[in-house]
Amino acid sequence: MEKENKLSRRRFLAQAGGVAVGALAISSGLSFITEDVSANGEEVQAEWPWPYEQLDPEEIRKLGHLGYYQGACCYGAFTAIMNSLKEKVGGPYKTFPVDIMRYGEGGIVGWTTACGALNGAAAAITLIAGEDGYKGIVNQLMGWYTQFPFPSDQSNEYASKHAFLVDKYKSDEVLVQSVADSPLCHVSVTRWCEESGYASGASERSERCARLTGDVAAKAVELLNEYKSTGKIITAFTPNETTESCRTCHFKGDNYDAGQFTRGKMDCEPCHGDPHS
Ligand code: HEC
Ligand code: HEC
């Protein structure tokens with residue numbers, strides 16, 4: 001009986017094809033459990049977290065940059081990791097519909113909310129690190145991003161020496177670096193434009209985001225490598241002192257009157273100053 005069920009499910013999945021399998025897994029509440037029936041009938045089951053093998057951050061930096069050219073920031077960071085694991089691990093990675101991440105471009109189709117590179121990297125981290133690991137790693141990545149001067153020296157060097165994987169560069173200049181102080185695409189892009197003097201539609205700005213995408217994907221893989229090799233939970237990022245002081249009252253809590261009608265970990269000051277002083 002059980003076997004019959006499995007067989008008919010297999011047949012259905014084989015007919016439904018790869019993309020539909022992902023959709024089915026999500027719609028049937030099986031989140032992150034997919035059944036991959038490959039052409040030769042081999043069945044691969046993956047439960048959350050998905051299998052991982054150590055990746056080379058420098059290779060990932062280059063793939064992230066290339067992925068940006070192919071499908072923008074979110075897609076770039078995500079596919080750098082997922083396509084590498086497709087080659088190294090295979091299994092469930094072989095049928096994952098990576099095009100799902102195209103929406104993340106420009107902080108979700110140009111709305112400039114969360115930086116797409118962060119969004120894409122966080123999705124891959126979540127799949128790989130699982131229940132115990134993903135929040136700490138994503139927290140670290142978010143916090144690191146807010147303080148890091150993008151694009152990295154490493155990425156600037158790859159571009160100027162034509163060591164990335166693209167044939168034709170949007171720009172091969174060594175680009176000005178800026179710290180976003182925020183995980184938002186809006187703030188990140190705007191601060192860089194102000195720092196560099198380039199407009200948001202300039203190919204240099206696009207190139208800056210391509211390098212940033214590589215940088216974020218590389219950092220994500222460094223954190224994943226560390227977590228997977230040591231098994232040590234990566235602790236959550238601590239916001240800066242001012243923000244922490246605001247969060248003593250303004251946190252996700254039950255006491256509305258004491259200030260818990262809001263929540264968040266972003267740096268409060270750039271948007272609010274200190275409204276209480
Ligand atoms: C001791 C607790 C406490 C701390 C610390 C605190 N707040 Fe508040 N905050 C409140 C409460 C309670 C309210 C609602 C009542 C009011 O407006 O005073 C409020 C209101 C606000 C408001 C809306 C009202 C306004 O005046 O504009 C903003 C914005 C705000 N806080 C931001 C911040 C920021 C940013 C920080 C850190 C720099 C901070 N708060 C620190 C308790 C706190
Ligand atoms: C990217 C900008 C931004 C950041 C960063 C940000 N906020 Fe806000 N916040 C807003 C906006 C916009 C509103 C809505 C303001 C309004 O309704 O007048 C808001 C609303 C609030 C309110 C309610 C204001 C009111 O008038 O009642 C509080 C309190 C608040 N934020 C606290 C914080 C704290 C604490 C942090 C840091 C942990 C923070 N915010 C980070 C933009 C931001």
Side-chain angles (χ1 to χ4, degrees), residues 68 72-78 101-123 125-126 133-152 175-202 205-206 208-213 215-217 219-220 223 233-277:
Y68 178 95
C73 45
C74 184
Y75 176 90
F78 188 68
M101 302 311 281
R102 288 180 186 268
Y103 76 90
E105 167 174 14
I108 303 189
V109 295
W111 282 65
T112 65
T113 63
C115 166
L118 280 172
N119 197 340
I125 289 168
T126 303
Y134 82 95
K135 284 190 184 169
I137 299 177
V138 174
N139 258 312
Q140 277 295 332
L141 188 71
M142 299 282 287
W144 166 83
Y145 177 101
T146 63
Q147 297 171 352
F148 191 83
F150 290 109
S152 70
L175 295 169
V176 168
Q177 298 168 320
S178 65
V179 174
D181 209 8
S182 169
L184 298 177
C185 166
H186 174 74
V187 183
S188 182
V189 166
T190 303
R191 291 235 159 113
W192 186 81
C193 287
E194 285 171 347
E195 196 70 39
S196 67
Y198 284 115
S200 57
R205 198 283 304 153
S206 186
R208 172 264 185 187
C209 288
R211 293 181 203 173
L212 174 152
T213 297
D215 292 337
V216 170
K219 180 67 179 180
L223 291 169
I233 305 297
I234 291 173
T235 51
F237 179 85
T238 311
N240 70 30
E241 232 173 85
T242 312
T243 304
E244 276 303 82
S245 80
C246 308
R247 280 164 43 84
T248 57
C249 300
H250 297 297
F251 58 92
K252 181 187 162 199
D254 299 326
N255 192 340
Y256 187 99
D257 292 335
Q260 288 132 50
F261 45 81
T262 184
R263 64 181 292 199
K265 298 179 199 169
M266 290 191 293
D267 196 351
C268 321
E269 243 184 340
C271 294
H272 288 294
D274 185 354
H276 297 294
S277 61

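Whatever order the structure lists them in is the order used to number ligands and atoms, beginning at 1.
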Colleague: Under the 4.0 Å line, does any protein heavy atom show up next to atom 4 (C) of ligand 2?
Modeller: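 Protein heavy atoms within 4.0 Å of atom 4 (C) of ligand 2 - there is at least one.
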Colleague: Does any non-hydrogen side-chain atom of N240 lie less than 4.5 Å from one of E269?
Modeller: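 Of all side-chain heavy-atom pairs linking N240 with E269, none is under 4.5 Å.
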Colleague: Can S206 and Y68 be counted as having a side-chain donor-acceptor contact under 3.5 angstrom?
Modeller: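 Yes, a side-chain donor-acceptor pair sits under 3.5 Å.
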Colleague: Provide, to 0.1 Å, the distance between atom 29 (C) of ligand 1 and the closest protein heavy atom, together with that atom's residue and name.
Modeller: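 Answer, as residue, atom name and distance: H272 ND1, 3.4 Å.
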Colleague: Looking at non-hydrogen atoms alone, which of C271, P239, C268 comes nearest to atom 38 (C) of ligand 2?
Modeller: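 Heavy atom nearest to atom 38 (C) of ligand 2 belongs to C268.
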Colleague: Only heavy atoms of S245, strictly under 4.0 Å: list the atoms of ligand 1 that pass.
Modeller: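 Per the distance check, 5 (C).
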Colleague: Checking the side chain of T113 only, and the main-chain atoms of G107 only, is there a donor and an acceptor separated by less than 3.5 Å?
Modeller: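 Between the backbone of G107 and the side chain of T113 there is a qualifying donor-acceptor contact (under 3.5 Å).
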Colleague: Pick, from D274, D267, N255, D257, the option with the minimum heavy-atom distance to atom 12 (C) of ligand 1.
Modeller: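 Considering heavy atoms of D274, D267, N255, D257, the nearest to atom 12 (C) of ligand 1 sits in D257.
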Colleague: Hey, is atom 17 (O) of ligand 2 under 4.0 Å from any protein heavy atom?
Modeller: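 Answer no: nothing from the protein, no heavy atom, is under 4.0 Å.
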Colleague: Tell me whether atom 26 (O) of ligand 2 lies less than 4.0 Å from at least one protein heavy-atom position.
Modeller: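 No, no protein heavy atom sits under 4.0 Å from atom 26 (O) of ligand 2.
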Colleague: Identify, with sequence neighbours excluded, every residue that meets side-chain contact (heavy atoms from CB on, under 4.5 Å) alongside D254.
Modeller: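 D254 satisfies side-chain contact (heavy atoms from CB on, under 4.5 Å) with no residue once adjacent residues are dropped.
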Colleague: For ligand 1, which atoms sit closer than 4.0 Å to a heavy atom of A258?
Modeller: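 Contacts of ligand 1 toward A258, numbered from 1: 12 (C), 42 (C).
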Colleague: Provide the protein N, O or S atoms situated under 2.8 Å from atom 8 (Fe) of ligand 1; waters are not included.
Modeller: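 Result, waters dropped: H250 NE2, H276 NE2.
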Colleague: With a cut-off of 4.0 Å, which atoms of ligand 1 are near a heavy atom of T248?
Modeller: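 Reading through ligand 1 atom by atom, the close ones are 5 (C).
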Colleague: Hey, which atoms in ligand 1 end up nearer than 4.0 Å to a heavy atom of G273?
Modeller: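 The atoms of ligand 1 under 4.0 Å from a heavy atom of G273 are 35 (C).
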Colleague: Looking at atom 32 (C) of ligand 2, is any protein heavy atom nearer than 4.0 Å to it?
Modeller: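 True for atom 32 (C) of ligand 2.
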